[in-house]
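The structure appears right after this line, and notes come after that.
All of these numbers come straight from a predicted model, not from anything done at the bench.
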Amino acid sequence: MPELHTSEETARWHRRMAADLFNRTWELLEAERTPEQDEEMLAAALASWLHWRRVGTPVNHAVADWQVARVCTVLGDITRAEAHARWSLATAETAGLGAFYVGYACEALARAAARAGDASARDAWLERARREAAAVTDDGERRLLAADLDTI
């Protein structure tokens, strides 16, 4: 019996699902949500994370962990938020992804600390994130990161 899907077809499917679920998560993050939509948002973020683990690059992994951290912070699951933010940071540093991705991982850690009421950790992570933002060479990326840091 012939194989129904090639490995490249499967990889394309994983990438499409990961991106669609990432975008759905972002739509929900920006919306007024019901409790059911909060659950959908968490499920979508984790599903996107899982698909990126199958076929993604280090950038995809770092961003997926960052998004799960953001969702968990919004939902008040600080333990999970911090874990994913730290994984994002470790991936960004280990893979040498640069200041933009390191800065966003620090942003996630600062946001989680702020939600937890830990002003000392918030300030320390914000300081590091701002140093990283200053090192971002792309003007648009630098402004995006700086604007997100200003919301913490």
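- Across every non-hydrogen atom of N60 and T57, the tightest pair is OD1-N, 2.8 Å.
- Residues meeting the side-chain contact (heavy atoms from CB on, under 4.5 Å) test with D150, sequence neighbours left out: R130.
- The shortest non-hydrogen separation linking L149 to A129 is CD2-CB, 3.5 Å.
- Pairs of residues two or more places apart, or lying in two chains, never qualify as ring-ring contact (aromatic ring centres under 6.0 Å, His included) while including a residue from residues 121-152.
- Judged purely by atom type and a 3.5 angstrom limit, N23 has no side-chain atom pairing as donor or acceptor with the backbone of D20.
- Linking Ile, Leu, Val, Met, Phe, Trp and Tyr whenever their side-chain heavy atoms come within less than 4.5 Å leaves L109 and L144 in two separate clusters.
- Under the side-chain contact (heavy atoms from CB on, under 4.5 Å) criterion, T34 pairs with E36, Q37, not counting sequence neighbours.
- F100 and W52 are members of different hydrophobic clusters when ILVMFWY side chains are connected at heavy-atom separations under 4.5 Å.
- With a 4.5 Å cut-off on side-chain heavy atoms, T151 and R111 count as touching.
- Note that the CD1 atom of I152 and the CG atom of D123 stand 10.5 Å from one another [nearest 0.5 Å].
- Minimum interatomic distance between C106 and L89 (heavy atoms only, all atoms of both residues): SG-CD1, 4.2 Å.
- Separating the CD atom in E27 from the CG atom in L29 is a distance of 10.5 Å, to the nearest 0.5 Å.
- Between Y101 and V59, some side-chain heavy-atom pair lies under the 4.5 Å cut-off.
- For the pair R142 (side chain) and V136 (backbone), a donor-acceptor distance under 3.5 Å is present.
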Distance-only check: which donor-acceptor pairs under 3.5 Å involve side-chain atoms of residues 40-48, not counting sequence neighbours?
from	atom 1	to	atom 2	distance (Å)
E40	OE1	R24	NH2	3.4
E40	OE2	R24	NE	2.8
E40	OE2	R24	NH2	3.2
S48	OG	A18	O	2.8

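- Evaluation of the ring-ring contact (aromatic ring centres under 6.0 Å, His included) test over residues 68-91, restricted to residues two or more places apart or in two chains, returns W49-H84, H84-W87.
- For A95, the side-chain contact (heavy atoms from CB on, under 4.5 Å) partners at least two apart in sequence or on another chain are P58, L97.
- Contact check on E8 versus R15 returns a salt bridge, with a Lys/Arg side-chain nitrogen under 4.0 Å from an Asp/Glu carboxylate oxygen.
- Remark: R53 pairs with D65 by the salt bridge (Lys or Arg N to Asp or Glu O under 4.0 Å) rule, at least two apart or across chains.
- Residue L50 is grouped with residue V68 when hydrophobic side chains (ILVMFWY) are merged at heavy-atom distances under 4.5 angstrom, including chains of intermediate members.
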Apply ring pair (Phe, Tyr, Trp, His ring centres under 6.0 Å) to residues H51 and W13 and explain how you reach the verdict. CA-CA 9 Å; H51 286 290; W13 178 81; 5.2 Å; yes
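- Partners of D148 under the side chain to side chain donor-acceptor pair (under 3.5 Å) rule, at least two apart in sequence or in another chain, are Y104.
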Acceptor/donor pairs from residues 69-78 side chains to any protein atom, 3.5 angstrom cut, sequence neighbours excluded:
from	atom 1	to	atom 2	distance (Å)
R70	NH1	E107	OE2	3.3
T73	OG1	A69	O	2.9
D77	OD1	R80	N	3.2

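- A search for side chain to side chain donor-acceptor pair (under 3.5 Å) contacts involving H61 returns nothing, not counting sequence neighbours.
- Note on residues 20-43: pairs passing ring-ring contact (aromatic ring centres under 6.0 Å, His included), not counting sequence neighbours, are W26-W66.
- Between A112 and A81, the closest heavy-atom pair is CB-CB, 4.1 Å.
- Residues meeting the side chain to side chain donor-acceptor pair (under 3.5 Å) test with E93, sequence neighbours left out: R128.
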